[in-house]
Structures are given as C-alpha cells and as structure tokens.
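Along the sequence shown, residues are numbered consecutively beginning with 1. What you see is a predicted model; the values in this text were computed from it and never measured. Counting convention: from 1, in listed order, for ligands and their atoms alike.
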Amino acid sequence: MFNPALVSLECHDCRAACDLSQPRSVCPACARPLVARYDLARVRREVPRESLGRFGTDLWRYRAVLPFAADFPAVRLGEGGTPLLPLPRLAGEIGLAGLWLKEESGNPTASFKARGLALAVNGAVAFGVRGIALPSAGNAGSAAAAYAAAAGMPCRVAVPDDTPEAFVLEVRAFGAEVKLVPGTISDAGRALAGWAPAPQWWNVATFKEPFRLEGKKTLGYEIAEQLGWRLPDVILYPTGGGTGLVGMHRAFRELAELGWTDGPMPRLVAVQVAGCAPIVRAFESRAPRAEAWANAHTVASGLRVPAPFADTLILAAMRESGGTAVAVSEEDMLDAMTDLATAEGVYACPEGAATLAALRQLRRSGEVKASERVVVYDTGSGLKYPEAWRAALARRAPGQEGTR
Ligand SMILES: *Cc1c(COP(=O)(O)O)cnc(C)c1O
C-alpha cells in the first residue's frame, strides 16, 4: 500500500514519530501537524532523476517521494503537471532577470487544491476509512468532493454561509453534503465536530492529516524540474492555511538531500491581504505562533484563514529559507488581476494576483533585486470569482478598456 521508502510520520513540533498501521490525523502526543519522512538515501540510490517520466507528466511523476507504493491503484483525475509560464512583459516592466507564473487553474476543479485532496483521498482509501469531511472556503471543498466521488466515498463539507454559490453548486454536483455555517472557515471547522465526527468521518482539513502536504509538495518538484533543476531566487505564495508554502519548503529540502538540485533554497514569501494577515503579523513581531485575526475580510476567499493551524510550520519555512511575509491591499490585488489579464493573457483568481502585487512591493523596497529570478502563482481559475472580477473591472478608468 505505502511507499517502502516512507519511514514514518513525524510531528513537526515535538518530533514524536508514528507509523502507518492505523488512520493518522495529528500528532498523538501534542496534536500538532504530522509530516511524512522518507529514506531519501534509498530513493537517491534507486531512483535517478532521469527516470521520472516512467510515471507520466502529472504529479504522480514524483511517486518515488509520495506516500504510496508504485503499484497502488491511485484515484486520479489529472492533477498537477501544470505549466510554468514566462511573464516577459511584466518582467520587463517590473525589472527582473526572469519572472514565471505557476499556472494552477488547469487542475481538476480548477485550483491547486486538487494536488492536496488527491493525496488525502488516496490516503483515506489506503487507510480504509469510510468517509471524509472538511471545512472549506470554497476550492478545497470542490476538490475533496470530486476525489471522494471518484473514490466512491461519502464526503461532508462545511463552508462559511457567504461562500460564493459557484463553489457550493460544485460541491453538491459531486454528490457531497454541504453545511452552511455563519462566520469564517474557523467556525466551519468547529461545526464538523457535531455534524461529521471522527473516526467515522476522517477529517481532511488543512494539516489535520499528513497527505495533503505531500500533494502540495509536488509544486516544488515541478518548479525545480521545469527550470532545469536550477532553482529560482524567490517564490511568492498566497498563504491561507499554508500547505503550498510548507510543501515547497519540504520539496526543496528533499531535492537537496536527493542531490537533484544544488545551490541555495529559494526565499519563500508568504503573501496575505491586509484584511487577514495573521502570518505577516507573527513574522514581523518575531512571534513563535500566529494569533487569530479578528474580523477577517477579503474577496480572496482562499486567504480568509484567520488562524492557520500550521503557523509554526509556515513561520519555519519563511525563516529557514531567508524569506519574508507581505500583506497587500485589496485594491493592489484587484489591479494585479487586471495586469495579469491585460499584459499576459491570464484570467487569475484574486489569491494568485496578490503574489504579483506583493512582488511589486518587494521590488520597490529593494528586497527583490533586478538580477533575480522569481516565481509567482495563479492558484486557481478567475472564473469562480465573478464578484472579485466585477470589482477589478470597476477600478479601470472609463475608456481604458483594451488600452491598459
Ligand atoms: C486555498 C487557496 C489558497 C491558499 O492556499 P493554502 O495552501 O491554504 O495556503 C490560495 N489560492 C486559492 C485559489 C486557494 O483556493
């Protein structure tokens, strides 16, 4: 069932290790997130970098460093394997040696949440659990529902009651049950305790099980391989629960240990919005943990995470990579959506556009230099965000359509 190179699941905070003999969620000793540990010396001996194509072009290409055995019949919908697009016009305008966009909207259910939920649902199958449940701001619920449908597994999703209808329709379309909860994703998370209790419903909320992180880790492997194993200097990531940021940090550490890349790790930048920036506040005040953000608000629903459970892992990823944390204004984020569309032909989600707005800030402050190679993200399709796009277009001066 599991990859023989997968040694254990280890607690990031207290270092307790557990095996895979039973369904695991968080650390049994301290209830903090578990992280998969591989025997990378063994992978290094057995799997040459050149052999990756044996497993295809989607994220299963990196199967040697994923939790499942080579013959495990994974439930797949075509997750990962997304393009890394050069942004030549914006690179010239901003002044950078290289600028690329990791364009994630081509994933199943149109966001990068597919990477994590593909792995979580396959983990549920491998553990033999009967159903999954999670709170979601939108995209995670859609992805979970799609993979649960493909696996023939029941799924319950709790969402804030102001979640855009596009997401709710999509979750229902896949046959999952939806509960609308007043408040934010934190309130939706609390609602699961009564409505979808463990162990009958395995909780696949961000960092409440170890597999979603493994799926997001493949972002780092793809960026490395797509740049010819020459890592970029800086990567900006729109940070809600932080799985992608922590996942890339893990990937770059593993890649160095595998000997597949050399040179320094990219500086990882957590991008948040002014209306919900608990990680930026913790990073700037050098706090060990993030405090919950009061009255979180933004149209970027994936960034409306007032109390990220994996705060210690996110802060470690930024500090150990020499990165930083940036909050952008709602207006700058909306204008960056327009920039990506008009300058590069990308219809981005607001979360993704926030990384371009943050890059502009870091160029102005000099924290990113003109000589550097930079990767920004589009984490999902703009098509699911009519409200944000209406606001972005309303900001364009009349008569500027088509000329901006
Ligand atoms: C969930 C989400 C994010 C935030 O990702 P995390 O890994 O939770 O930090 C960013 N963008 C979109 C479109 C999302 O759905």
Side-chain angles (χ1 to χ4, degrees), residues 33 82 101-117 119-120 134-144 146 157 159-160 163-164 166-167 170-171 184-186 188-189 204-208 211-220 235-251 268-273 276-280 290 296 298-311 313-315 317-318 325 328 333 336-337 340 346-356 358 376-385 388:
T82 60
L101 179 81
K102 188 62 174 155
E103 168 57 296
E104 288 286 293
S105 67
N107 274 296
T109 67
S111 92
F112 74 155
K113 287 291 194 301
R115 293 181 189 265
L117 273 311
L119 273 275
L134 75 166
S136 170
N139 280 317
S142 309
V157 186
V159 299
T163 299
F167 293 108
E170 194 178 11
V171 173
T184 68
I185 192 168
S186 304
V204 297
T206 306
F207 284 105
K208 294 288 169 76
F211 294 107
R212 278 176 68 177
L213 178 61
E214 294 305 288
K216 286 286 187 73
K217 182 178 87 176
T218 59
L219 288 166
I235 302 179
L236 295 99
Y237 179 83
T239 305
T243 36
L245 194 84
V246 175
M248 286 191 289
H249 183 224
R250 294 227 56 78
L268 299 173
V269 179
V271 177
Q272 300 200 301
V273 276
C276 184
I279 293 296
V280 178
T298 169
V299 291
S301 48
L303 303 184
R304 197 161 64 118
V305 182
F309 178 59
D311 52 354
L313 288 81
I314 300 169
L315 291 166
M318 286 182 293
V328 302
M333 174 173 73
M337 290 166 72
L340 279 168
V346 174
Y347 195 64
C349 62
E351 294 89 341
T355 62
L356 177 63
V376 292
Y377 266 93
D378 182 29
T379 42
S381 169
L383 288 171
K384 290 198 205 179
Y385 297 81

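- Annotation: cation-pi geometry satisfied between K216 and F112 (NZ/CZ under 6.0 angstrom from ring centroid, within 45° of ring axis).
- Under a 3.5 Å cut-off, the side chain of E351 and the backbone N or O of T379 do not form any donor-acceptor pair.
- A donor-acceptor distance shorter than 3.5 angstrom exists from the side chain of T239 to the backbone of Y237, with no hydrogens or angles considered.
- For ligand 1, the polar-atom distance check against G302 finds no nitrogen or oxygen pair separated by under 3.5 Å.
- Between G240 and ligand 1, at least one pair of N/O atoms sits closer than 3.5 Å.
- Here's the thing with T239: none of its N/O atoms is less than 3.5 angstrom from an N/O atom of ligand 1.
- Atom 11 (N) of ligand 1 has T379 OG1, 2.7 Å as its closest protein atom, hydrogens excluded (heavy atom only).
- The two residues P160 and S136 make their nearest non-hydrogen contact at CD-O, 3.1 Å.
- The side chain to side chain contact (heavy atoms under 4.5 Å, CB included) test with R304 is passed by exactly one of T163, V273, I185, T184: T184.
- Considering backbone and side-chain atoms together, Y385 places no N or O closer than 3.5 Å to any N or O of ligand 1.
- By the 4.0 Å heavy-atom criterion, G244 is counted among the residues contacting ligand 1.
- Using a 4.0 angstrom heavy-atom cutoff, F112 counts as in contact with ligand 1.
- Closest to atom 8 (O) of ligand 1 among all protein heavy atoms lies G241 N, 2.9 Å.
- Taking any N or O of E351, backbone or side chain, none lies under 3.5 Å from an N or O belonging to ligand 1.
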Does Y377 form a side chain to side chain contact (heavy atoms under 4.5 Å, CB included) with I235? I'd like the steps, not just the answer.
CA-CA 8 Å; Y377 266 93; I235 302 179; 3.8 Å; yes

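- When K384, K216, K113 are checked for heavy-atom proximity to atom 1 (C) of ligand 1, K113 turns out nearest.
- We find the CG-CG distance between D378 and L356 to be 11.0 Å, quoted to the nearest 0.5 Å.
- In this structure, K384 contributes its side chain and P164 its backbone to no donor-acceptor pair below 3.5 Å.
- Under 4.0 Å from ligand 1, heavy atoms of T243 appear from its side chain as well as its backbone.
- At under 3.5 Å, not a single nitrogen or oxygen of G380, backbone or side chain, sits near a nitrogen or oxygen of ligand 1.
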